[in-house]
Structure formats: structure tokens, C-alpha cells
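Predicted, not measured: the structure shown is a model, and the values here were computed from it.
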Amino acid sequence: MSNAVDFHFDPMCPFAYQTALWIRDVREQAGITVNWRFFSLEEINRADGKKHPWEREWSYGWSLMRIGALLRRTDMALLDRWYARIGDELHAAGGKPHDPVVARRLLEELGIDGATLDAALADPTTHDDVRADHQRVVDAGGYGVPTLFLSGQCLFGPVLVDPPTGPDSLKLWTVVTGMAELPHVYELQRPKAPADAELIGRSLRPYLQGRDWVSINRGEVVDVDRLAGGR
């Protein structure tokens, strides 16, 4: 069983947030190492003719990841705490961590100087860090988050709501690591019954409350607006 995983996320993605809750539970129980990496849904879903996220003064998930990139240079644990806090703000509380004012406040709540936001945006190499992580997923054929790299394999998922904890969390970890060890197993998917769609829709409501954009889901597993009843 692998004892380390590279976990690519976009802080705006509600499914990556749920999977991150699970992988932290696995880490606590099994002592694995989680290396947090980035991936931009803004970039992968960018319409032709629109600006790249790195061409904007502030660009939602991309800018939050630039802050995370600066924190990661000091300590991976700082990025872990940052992702957990902004994820909770959007996906559990329905807040707006993608608002620079809120992002600065959340840094300060973590005991991190709010000027870290300014430093990250003033440093063009934080663009490079996010772009390199994003490109790694694209080069491996990936298209979304959560994306995991483990045992030399790139895997999309697992896509979760109500993530398992305790023994069930480790059971899922065994499934995921087992799939990584079988390189020609490409897909395993559970069809969604109406009750599943209702559960997913309920879990997405804080995200829909906090977001300031329309979801574009190129290659995504589900249509988040449809499952949550639309907006």
C-alpha cells in the first residue's frame, strides 16, 4: 500500500473538498504523506478568446492557489491548513474565500500575516508554481479534480460526498491504492439513482451559495447545477 500521495486540487471544487476531507482522515489513521498540488478548473474550462487566469489581477481559485504556493515554499503544513480553511469557508459555510478581503481575513485567522496575500500576488513565480502543477495533470491525460498521483499512476477521483471516516475510510484507501497498482483498469463508476442526486444536491448548496460564477464542467462527473436544483 502506498504511503504517499500527491493530491491535486482546485479550492473552488466541491468534490475535491470532500475528497480532501477523506484523505486527511486516511492520513490521520495510516500515517501517509499528502503532498498538496494544484490544478485550475478556470484554465481547463477556459473558453477560446477568454483570458487565462494568470492574465487577471485576481482570478478566484488561481489566486488562492498562488497564496498557497507561497505558503508551500515554507511548509506543506501551511498549505494544508490554508486549503482546509478556505475549503470550509466556501463548501461548508457558503462564504466567499475567493473575495480578496475574505481571503486576507482567513489568513489572519490562521495566524498568518495578511500581507502574504500581497506578497503572493506580487511574485510572478507563484504563477509558475500553479501552472507547473496544473500542466502535470494535463500531461498525464487528466482533466479535473480531485486527481491523485500514487504508485506512479494518475487517478481521477474518488469523487465523494459524505466522505467515509474510520475503518470505511481505510477501506476506500485500499480500493484506490489497489486500482493504482493495476495500470490497465481505467474506470469504475457508480450510476446515480434519484436518491443519490438528491444527496449530492444537498451537499452542494453551500458551494452554490458562496460562488460567484457559473459552473463549466468539461469532462466533469456530474452537472452540479442540475443536481442541486439549478440557480
Side-chain angles (χ1 to χ4, degrees), residues 1-27 29-30 32-48 61-62 65 83 87 91 130-165 167-201 203-204 207 215-228:
M1 184 180 295
S2 176
N3 62 1
V5 58
D6 289 354
F7 188 116
H8 288 256
F9 71 93
D10 184 314
M12 301 293 95
C13 179
F15 299 109
Y17 168 75
Q18 296 284 342
T19 305
L21 296 178
W22 163 71
I23 203 67
R24 290 189 182 99
D25 189 75
V26 172
R27 180 178 63 190
Q29 295 185 76
I32 65 169
T33 297
V34 179
N35 300 309
W36 299 104
R37 307 295 180 190
F38 307 117
F39 182 82
S40 175
L41 294 175
E42 294 165 274
E43 174 61 15
I44 201 71
N45 293 317
R46 184 182 62 88
D48 291 342
W62 185 273
M65 290 187 285
Y83 178 30
H91 302 296
V130 178
R131 194 158 36 224
D133 281 1
H134 175 89
Q135 192 62 42
R136 180 195 189 196
V137 175
V138 173
D139 289 346
Y143 53 82
V145 287
T147 289
L148 311 181
F149 283 82
L150 69 163
S151 300
Q153 294 292 311
C154 173
L155 299 177
F156 175 70
V159 177
L160 309 172
V161 297
D162 190 20
T165 60
D168 285 345
S169 183
L170 293 180
K171 186 183 298 183
L172 177 57
W173 178 241
T174 300
V175 170
V176 171
T177 54
M179 186 169 178
E181 292 167 3
L182 298 168
H184 298 144
V185 178
Y186 296 107
E187 188 170 337
L188 177 67
Q189 188 174 45
R190 185 194 307 273
K192 297 173 186 67
D196 298 310
E198 182 181 354
L199 171 63
I200 295 169
S203 76
L204 291 173
Y207 158 78
S215 293
I216 300 172
N217 303 296
R218 186 177 303 168
E220 287 287 335
V221 171
V222 294
D223 181 333
V224 295
D225 293 295
R226 178 181 61 80
L227 290 177

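Within the model, atoms CG of Leu172 and OG1 of Thr165 stand 11.5 Å from one another, a figure rounded to the nearest 0.5 Å. Atom SG of Cys154 is separated from atom NE2 of His8 by 7.5 Å, given to the nearest 0.5 angstrom. If you take CG on Asn3 and CG on Leu150, they are separated by 10.5 Å, rounding to the nearest 0.5 Å. Here the CD-SG distance, from Gln18 to Cys13, works out to 10.0 Å after rounding to the nearest 0.5 Å. To the nearest 0.5 angstrom, Trp22 atom CH2 is 16.0 Å from Tyr17 atom OH. Atom CD1 of Ile44 sits about 11.0 Å away from atom CG of Asp10, to the nearest 0.5 Å.
With a 4.5 Å cut-off on side-chain heavy atoms, Phe156 and Glu187 do not count as touching. Between Asp25 and Trp173, every side-chain heavy-atom pair lies at or beyond the 4.5 Å cut-off. No side-chain heavy atom of Trp36 sits less than 4.5 Å from a side-chain heavy atom of Met65. Considering only heavy atoms from C-beta on, Val176 comes within 4.5 Å of Pro158 through its side chain. Put simply, the side chain of Gln29 reaches to within 4.5 Å of the side chain of Ser169, judged on heavy atoms. Residues Val145 and Phe7 are not in side-chain contact: their nearest non-hydrogen atoms beyond the backbone lie 4.5 Å or more apart.
Close placement of the Phe38 and Phe9 rings is indicated, their centers lying within 6.0 Å of each other.
A donor-acceptor contact shorter than 3.5 Å links the side chain of Glu42 to the backbone of Gly61. Counting only distance, with no hydrogens or angles, the side chain of Thr174 and the backbone of Leu170 share a donor-acceptor pair below 3.5 Å. Within the 3.5 Å criterion, the main-chain N or O of Pro11 finds a donor-acceptor partner in the side chain of His91.
Among Thr19, Ile23, Leu160, the one residue that satisfies the side chain to side chain contact (heavy atoms under 4.5 Å, CB included) test with Pro146 is Thr19.
Atom CG of Leu182 has more than 12 heavy atoms from other residues, nucleotides or ligands within 6.0 Å.
Contact detail for Met179 and Leu155: the closest heavy-atom pair is CG-CD2, 4.5 Å.
Looking at Arg136 and Asp133, no side-chain N of the basic residue comes within less than 4.0 Å of a carboxylate O on the acidic one, giving no salt bridge.
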